[in-house]
Number of protein chains: 2
Amino acid sequence: MRAKKTSPADLTVLERLRTAGLRPTRQRLALAKLLFAQGHRHVTAEGLFNEAKDNRVDVSLATVYNALHDFTEKSLLREISIDSSRSYFDTNVGDHYHFYFEQTGKLQDIPAERIALANLPEAPGGATVARVDVIIRVRD
Amino acid sequence: MRAKKTSPADLTVLERLRTAGLRPTRQRLALAKLLFAQGHRHVTAEGLFNEAKDNRVDVSLATVYNALHDFTEKSLLREISIDSSRSYFDTNVGDHYHFYFEQTGKLQDIPAERIALANLPEAPGGATVARVDVIIRVRD
DNA sequence: CAAGCAGTTTAGAATCGCTCTAATTTTATT
DNA sequence: AATAAAATTAGAGCGATTCTAAACTGCTTG
Ligand SMILES: [Mn+2]
Ligand SMILES: [Mn+2]
Ligand SMILES: [Zn+2]
Ligand SMILES: [Zn+2]
């Protein structure tokens, strides 16, 4: 694989990886750019893999999975289980919820302030709440 | 496979199937009995399949999947996606939410009244809300 | 109750998202 | 440049689920 000079536009993404403690390899940089260059996104591994291909980013499927998981581990992404058949990865790691369009498989953010989640019960038996997921499944 | 007389205890389950418009076959009756005889349950296909084996219910894995899906279609069960690696089926089809214990993979019901879900945003673009899932993921 | 048919079950193959393996390549450090 | 650690990769492997197509069963009808 040909290495390519780092352009100024990559700098922010590069720093983001370094800050997270991830080596800024060509593959991670390219994927991070696809993921983070625009606004928040919800991607599947396959979707990102195809997008990489479309953008002539030469990267293996295994690396896409590795990167998605590495990014998730470092809180650059968050993984969402909506449909038991595939995982989604969300570039919005802040507190928020989702609409899920069953026909298209698309996700749409709902800001945390838009839902009042009151009286959340205590986690039983001294357990710790890791996350609260709210998914509003919609159909046309 | 030997057929077995329908016992009085099966009657309620039998009616339940008939009412749902499902033929009360030996396999469906046996599985429905496992599912609905006790209180509410959260099962996986594999779990139910093993439970059937333990109870000397001779049924194939494909039939377990068929029954779970048929029951879900008729609203005798509801399917829950928690973990992208497997589906759970819930005998509680009423409005309620869940604790999910990440270590053990167990689910625990949270009655709808225990969570105040206010200000639910409208479904965008004239879509209809099919369901609202709330999953509180907990760790010890 | 026999026949007939739609609905159901089944074993095993197939599928599919994802993970693993082990060899190669790259990165970061000296 | 040499080295060690980390990352990438092709392809095999895995596990949950679905599919196929043949055998069986429940229900209706005569
Ligand atoms: Mn994962
Ligand atoms: Mn399903
Ligand atoms: Zn999101
Ligand atoms: Zn439940």
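The chains referred to below are lettered A, B, ... by the order of the sequence lines, with proteins before strands, and numbering in each begins at 1. Hydrogens, waters and symmetry mates play no part in the numbers below; they use all other heavy atoms, side chains included.
Looking at D70(A) and R23(A), no side-chain N of the basic residue comes within less than 4.0 Å of a carboxylate O on the acidic one, giving no salt bridge.
Going from atom CZ of R86(A) over to atom C1' of dT17(D) covers 14 Å, rounded to whole Å. Residue L31(A) contributes atom CG, which lies 13 Å from atom C1' of dA7(D) at whole-angstrom precision. Look at CD1 on I82(A): it is 17 Å from C1' on dG17(C), rounded to the nearest Å. Rounded to whole Å, atom P of dC27(D) lies 8 Å from atom CG of L14(B). For L17(B) and dG26(D), the CG to P distance is 13 Å, given to the nearest whole Å. We find that CG of L68(A) is positioned 15 Å from C1' of dT8(D), with the value rounded to whole Å. Atom CG of D70(B) and atom P of dT10(C) are 13 Å apart (whole Å). One interatomic measurement links the two molecules: CG of L61(B) to C1' of dC19(D), which rounds to 13 Å at whole-angstrom precision.
Applying the 4.0 Å criterion to OP1 and OP2 of dT10(C), one finds that T63(B) has a side-chain N or O inside that range. The phosphate of dA16(D) (OP1 or OP2) has no side-chain N or O of S85(A) nearer than 4.0 angstrom. Regarding contacts with the backbone of dT17(D), a side-chain N or O of Y65(B) is found under 4.0 angstrom from either OP1 or OP2. For dT9(D), the OP1/OP2 oxygens have a side-chain nitrogen or oxygen of Q27(A) closer than 4.0 Å.
For A62(B), the listed nucleotide lying nearest its side chain is dA11(C); candidates were dA28(C), dA11(C), dC20(C). Looking at the side chain of S60(A), the nearest of the listed nucleotides dT8(C), dA10(D), dG17(C) is dA10(D). Checked against dG12(C), dA10(D), dA7(D), the side chain of R28(A) finds its nearest nucleotide in dA7(D). Residue R23(B) has its side chain nearest to dT25(D) when only dT9(D), dA28(C), dT25(D) are considered. Of the candidate nucleotides dT19(C), dT8(C), dT17(D), dT19(C) has the atom nearest to the side chain of H69(A).
Using cut-offs of 30° and 60° on the angle between ring planes, the pair F89(A) and H69(A) is perpendicular. Ring geometry for Y100(A) versus Y88(A): interplanar angle over 60°, hence perpendicular rather than tilted (30 to 60°). The aromatic rings of H96(A) and H98(A) lie perpendicular to each other, with more than 60° between the two planes, well past the 30° mark.
N66(B) comes within 4.0 angstrom of a base, heavy atoms only. Residue contacts shown for T44(A) are absent, as no nucleic acid heavy atom lies under 4.0 Å away.
The residue among E46(B) and T25(B) whose nearest nucleotide of DNA chain D is located toward the 5' end is E46(B). With the nearest nucleotide of DNA chain D identified for both R18(B) and A45(B), A45(B) has the one nearer the 5' end.
Of the possible polar contacts, none joining the N55(B) side chain to the V57(B) backbone as a donor-acceptor pair under 3.5 Å is found. Under the 3.5 Å distance criterion, the side-chain polar atoms of R137(B) are matched with a main-chain donor or acceptor of I82(B).
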